[in-house]
Amino acid sequence: MKQPIPNQPLPDPRRLAKRRRNLLYRLPFAMTDTATGAAETDYSATLFLPETEFPMRAGLPDREPGWLKRWEEMDIYGLQREQAKDRPLFTIHDGPPYANGNIHIGHALNKTLKDLVSRSMQMLGFNSAYVPGWDCHGLPIEWKIEEQYRAKGKDKNEVPVVEFRQECRTFAEQWVDIQREEFKRLGVLGEWDNPYLTMSFDAEAQIARELMKVATTGQLYRGSKPVMWSVVERTALAEAEIEYQDYESDTIWVKFPVEQRNLSAVADRIRSQTEIVERVLVDTMQEAPARPLSVEESMQIAEKYLPSDAKVVIWTTTPWTIPANRAVSFSGMVSYGLYEITKAPEGNWASVGEKYILADKLAAETFAKAKVDEFARIADVDPSHIISCSHPLKGFGGGYQFHVPLIDADHVTDDAGTGFVHTAPSHGLEDYEAWNEYHRKRSQAFANTVGISLAERAQFLSDMARDAAIPYVVGDDGFYTNEAPGFEGARVIDDNGKKGDANNRVIAALAERNAMVARGRVKHSYPHSWRSKKPVIFRNTPQWFVYMDRDIEGAAGDTLRHRALNAIDATKFYPAAGQNRLRAMIADRPDWVLSRQRAWGVPITVFVEKTTQDILKDETVNHRIAQSFEEEGADAWYKPGAAQRYLGDAYKAGDYEMVTDVLDVWFDSGSTHSFVLRNKQKWPHLKFPASLYLEGSDQHRGWFHSSLLESCATNGHAPYEGVLTHGFTMDGDGKKMSKSLGNTVAPQDIIKQYGADILRLWVASSDYSEDLRLGKEIIQTTVDAYRKLRNTLRWLLGNLAHYEASDEVAFADMPELEQLMLHRLAQLDAQVRTAYKEYDYRRIVTLLTNFMNIELSAFYFDIRKDALYCDPISSIKRKASLTVLNHLYMCLTAWLAPILVFTMEEVWLERFPGEGSSVHLRQFPDVPTEWLNEDLAAKWTLIRAVRRVVTGALEVERREKRIGSSLEAAPKVFITDERYLTALAGEDLAEIAITSDIQVGNAEAPAGAFTLDDVSGIAVVPALAQGQRCARSWKVLPDVGSDPEFPDVSLRDAQALRERAAAGLEPLA
RNA sequence: UGGCCCGUAGCUCAGUUGGUUAGAGCGCACGCCUGAUAAGCGUGAGGUCGGCAGUUCGAGUCUGCCCGGGCCAACCA
């Protein structure tokens, strides 16, 4: 697959403008502007300014590979396992991607989410191993190899199966290697050196064991199903191997004589419909009596309305399927009538006096085709009152003696034909489904009737099996089989793909028995083989099925469907809607078809006794099979002499048919739990059932579904405790990504331009329960969020350069502002842990970005800059703040580590470098619940309201150019609401509002004072701060100048300078 | 065409059992700062809650229909 050319995103012009403004400040002429007034001493060297090498710009695309290398070298995955070996297990079981092609954005989303789960569970205190896997068998890989053959002019059928399979294996191996590197680049941590592959020998052996377990417990049976079949190539074809071309088909209209009727139902209807009754009375009884009809009378009328000589007319484009007819379908949504032919040419197939049942909308058209001159409509017909017809070929060649039931089927319309659909379950998928549905309903109705003896039940089931059997009318060579009596030797399609004589012979036989109404030809689009370009047919083919509704090992009611539905109830779904979706699918689905007539897969390792058709159930044989697969892979099945090798001395190979079909690959992947989660030797850190399966929502029909059925069949319960589904990745407008639209986004490109952490942050901040959007603007939003986050952490790191563990301040000794921050940390701790447990990553991103932006960057950090930068070494406030910064650092790096795996490692190593050091070896830190203090938080909510009013007042001053920095102000605050006064008691509002001074008074404000609409009882009157500007702290204070040693700074700053000198930090200016 | 799901500011998301004037972060505009500087702070403008109809005193929340989008309906994974 070719990757689209990476888009070099054009910078947003507005973004550029902002950048230009910032750059202006650095130009020399800009400096002259600000350099008015007396030169101030530059005290910056005497401040505790942030010091860090941590770059503002991440350079993720270049730097991420370095961390990956580091983790690989230190074997971080192994260290995690070792560290967590005594902890409870959490197992996210990997749904295997298919090993062909590069990964796309959907893979990236899926693997990233799994990594978020796995890493967060590890940090929450579990031993959370992650073993990635690949799905290796299957048709797409076969195709690729066949394509290579065709390019070389080689014929697949001439290559020994084992050799062909070897080429498929090599192909899959190559893609496993490529995808493995792509997945690792996303930052996904897992057992990459020891993944599982559905084609590894132990897997193939276990898949066969599972299949044999299904067989020996009586859940496997051989039935049949129509599949697309190419007579020319003698092979089944997949939908993708089909192309549609125009084709001329013979069409025929055929009479099906009505056989069994439900006359009393017709009579009931007549009695309930007065208008009909009136019409009937005029017609049949000469005069109308003013009384309800008796049952007898209505029965007489019914006989006239649904007479025994009526004929249902069908239309078909495949006359050759008539011998395979087993039913006639109609629709309850279509109106039908009984018609009598009143005028037609002599010798016409449709002759005068014949009564046809047709859809009203199509009657005229049908009679036109039948060259009928005149006809009359006699009555309404409800086809459900016809129980069965006889076959139009009844007795032909001694066959076709069965009843042909009428089936109400959804797929029938009155758009074309006659409103009745000839139903041949051997030759059409809809026919097949309608047929099975009909018998399923009959069987259900029977099961629901009360008072049935076991003998009656057995008799019913056996009759049912006989009636429901689907005939094999056409062989793989296109010739009729002996299940089409009277047509021996006729052929549907010949070796060159031309029409055989089947149609003509069928039409002749029908005409001879007066079953034809009309014939014609029609041009329509018809399926052809992609390879030979010749028409294909739907053909009944033997297939292996798993029963959905048979009692397993004789336990009444213990069916696979029942087990699966129970298992769904016992499973937790994220989001909850997934439960209904899966339940509906399981409740409706037909029996599971396991067989595929293909080469690259695990064979259905079953022997069938030729005379009895029984499946051989012998543990010794089964053991030999599994053993050989362990040693040689499933290829062993295809090696010469394999049959006798497995059957041993006990059986003769000649008595048994060795099945050569392979398993549906869904059985492979549905079995992963058995060969991965329960292989304790290979993966000791995994548990069964898995804690979680996590895939895209398409896997309700796929892996969730097949794994559930497989495990219910072999274990009786689900292989998972929880199921998490995510949506699909759409483009920026919510449209599906497709190569033809050119709106795809390749994960490789995002990584190259922005880095994997950006991709991961996008995943974490999206709502994965719905479809996710990804486009240029969304990536930019993510990049912006990342930058803000990174800078906040950078400032934290810069200040922590001055942190000393020995300066730690005890919680009780801290100022309230510090206690407030720790309270928030304790709150967040609970919220973050809960969100991680619920796989709610976007909540974590929202919670933490809001906290970091609003409460840290814009509030706490802004306020504490003064103390952190300027306070004396001895200052408790400064030490307390540093203590809080350390806690913030410890928590934030851990909480974000599962998401920003690279950046958090970078932040961690900046402070704690060392060979064995890694943020990913940590757990979420214990946060003391003693820090929680709701009263304090409530109090500070009030204080922050006061602060907002002050800030608002200052903004007016700024706008009026009376102040620039807030430190130039010393506003007066008038408070009439007691609650605010109480809250402010003992707090330094000037510090909190970042002004040089402030006055707070319990008094009515003068007119014109600044207020906010949503805060009552507070008013602010602005004023300039009195005193001189401190050259060190830039506050405007009256005490500046009162220290003789440092006349240009405030007393606090003079003290700070003295302490620094005493500590020998730097010489004084 | 059927089954299931989704639609709230430019973007990502909150919106309890229906209940004041629909919120947040980012982005954007404007201003401040220049000791977090390709940073930091503040203020502000952005919404017919996809549309229509209904239930209700009251609907982003409940119901129906419609529009738009997605997944599923394969011898594809």
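With a 6.0 Å cutoff to the six-membered ring centre and a 45° limit on the axis angle, A:Arg596 does not count as a cation-pi contact of A:Phe667. For the pair A:Arg878 and A:Phe48, the distance from NZ or CZ to the six-membered ring centre is under 6.0 Å and the angle to the ring normal is within 45 degrees.
Among the protein residues, A:Ser766 comes within range of the sugar-phosphate backbone only, with heavy atoms under 4.0 Å from sugar or phosphate atoms but none that close to a base. Within 4.0 Å of A:Trp703, counting heavy atoms only, lies no atom of the nucleic acid at all. Across all strands shown, A:Asn791 has heavy atoms under 4.0 Å from base atoms, whether or not it also approaches the sugar-phosphate. Backbone-only contact: A:Ser765 has heavy atoms under 4.0 Å from sugar-phosphate atoms and none from a base.
For the pair A:Lys736 and B:rC71, the criterion of a side-chain N or O lying under 4.0 Å from OP1 or OP2 is met. In this model, the phosphate group of B:rA39 is not approached by any side-chain N or O of A:Lys788 to a distance below 4.0 Å at OP1 or OP2. Using a 4.0 Å cut-off, some side-chain N or O of A:Arg794 falls inside it from OP1 or OP2 of B:rU37. Phosphate contact (OP1/OP2 of B:rC26, side-chain N/O of A:Tyr786, threshold under 4.0 Å): absent.
For A:Asp135, counting side-chain heavy atoms from C-beta on, the closest listed nucleotide (B:rG42, B:rG70, B:rA77) is B:rA77. Distance from the side chain of A:Ala858 is smallest for B:rG42 among the nucleotides B:rA39, B:rG42, B:rA73. Side-chain proximity of A:Gln699 to B:rC13, B:rC11, B:rA77: nearest is B:rA77.
The gap from the C1' atom of B:rG68 to that of B:rU8 amounts to 16 Å, rounded to the nearest Å. Here the separation of B:rG15 from B:rG23, taken at their P atoms, is 15 Å to the nearest Å. The C1' atoms of B:rA9 and B:rC28 are separated by 12 Å, rounded to the nearest whole Å. Taking atom C1' in both B:rA24 and B:rC49, one finds a spacing of 16 Å when rounded to whole Å. Nucleotides B:rU63 and B:rG46 place their P atoms 33 Å apart, quoted to the nearest Å. Nucleotides B:rG44 and B:rU55 have their P atoms positioned 41 Å apart, rounded to a whole Å. Distance check on atom C1': B:rG70 versus B:rG50 gives 15 Å, rounded to whole Å. If you take atom P in B:rU56 and the same atom in B:rG3, they sit 29 Å apart, rounded to whole Å.
The base-pairing partner of B:rG44, taking Watson-Crick or G-U wobble contacts with both distances under 3.5 Å, is B:rC28.
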request  = Would you sort out whether A:Val763 and A:Tyr841 count as a side chain to side chain contact (heavy atoms under 4.5 Å, CB included), showing the intermediate values?
outcome  = CA-CA 8 Å; A:Val763 170; A:Tyr841 307 113; over 6 Å; no

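Between the base of B:rC32 and the side chain of A:Arg959 there is no donor-acceptor pair shorter than 3.5 Å. Between the side chain of A:Thr846 and the base of B:rA24, no donor-acceptor pair of N or O atoms lies under 3.5 Å.
Atoms CZ (A:Arg843) and C1' (B:rG25) sit 15 Å apart, rounded to a whole Å.
Between A:Ser595 and A:Arg773, it is A:Arg773 whose nearest contact on RNA chain B lies nearer the 5' terminus. Residue whose closest nucleotide on RNA chain B sits further toward the 5' end, between A:Glu770 and A:Thr781: A:Glu770.
Two rings, from A:Trp795 and A:Phe861, have their centers less than 6.0 Å apart.
Between the side-chain ring of A:Trp666 and the base of B:rA77, no stacking contact exists by the 5.5 Å and 30° definition.
In this pair, A:Tyr693 and A:Trp703 present their aromatic rings parallel. The plane angle is below 30°, not in the 30 to 60° band.
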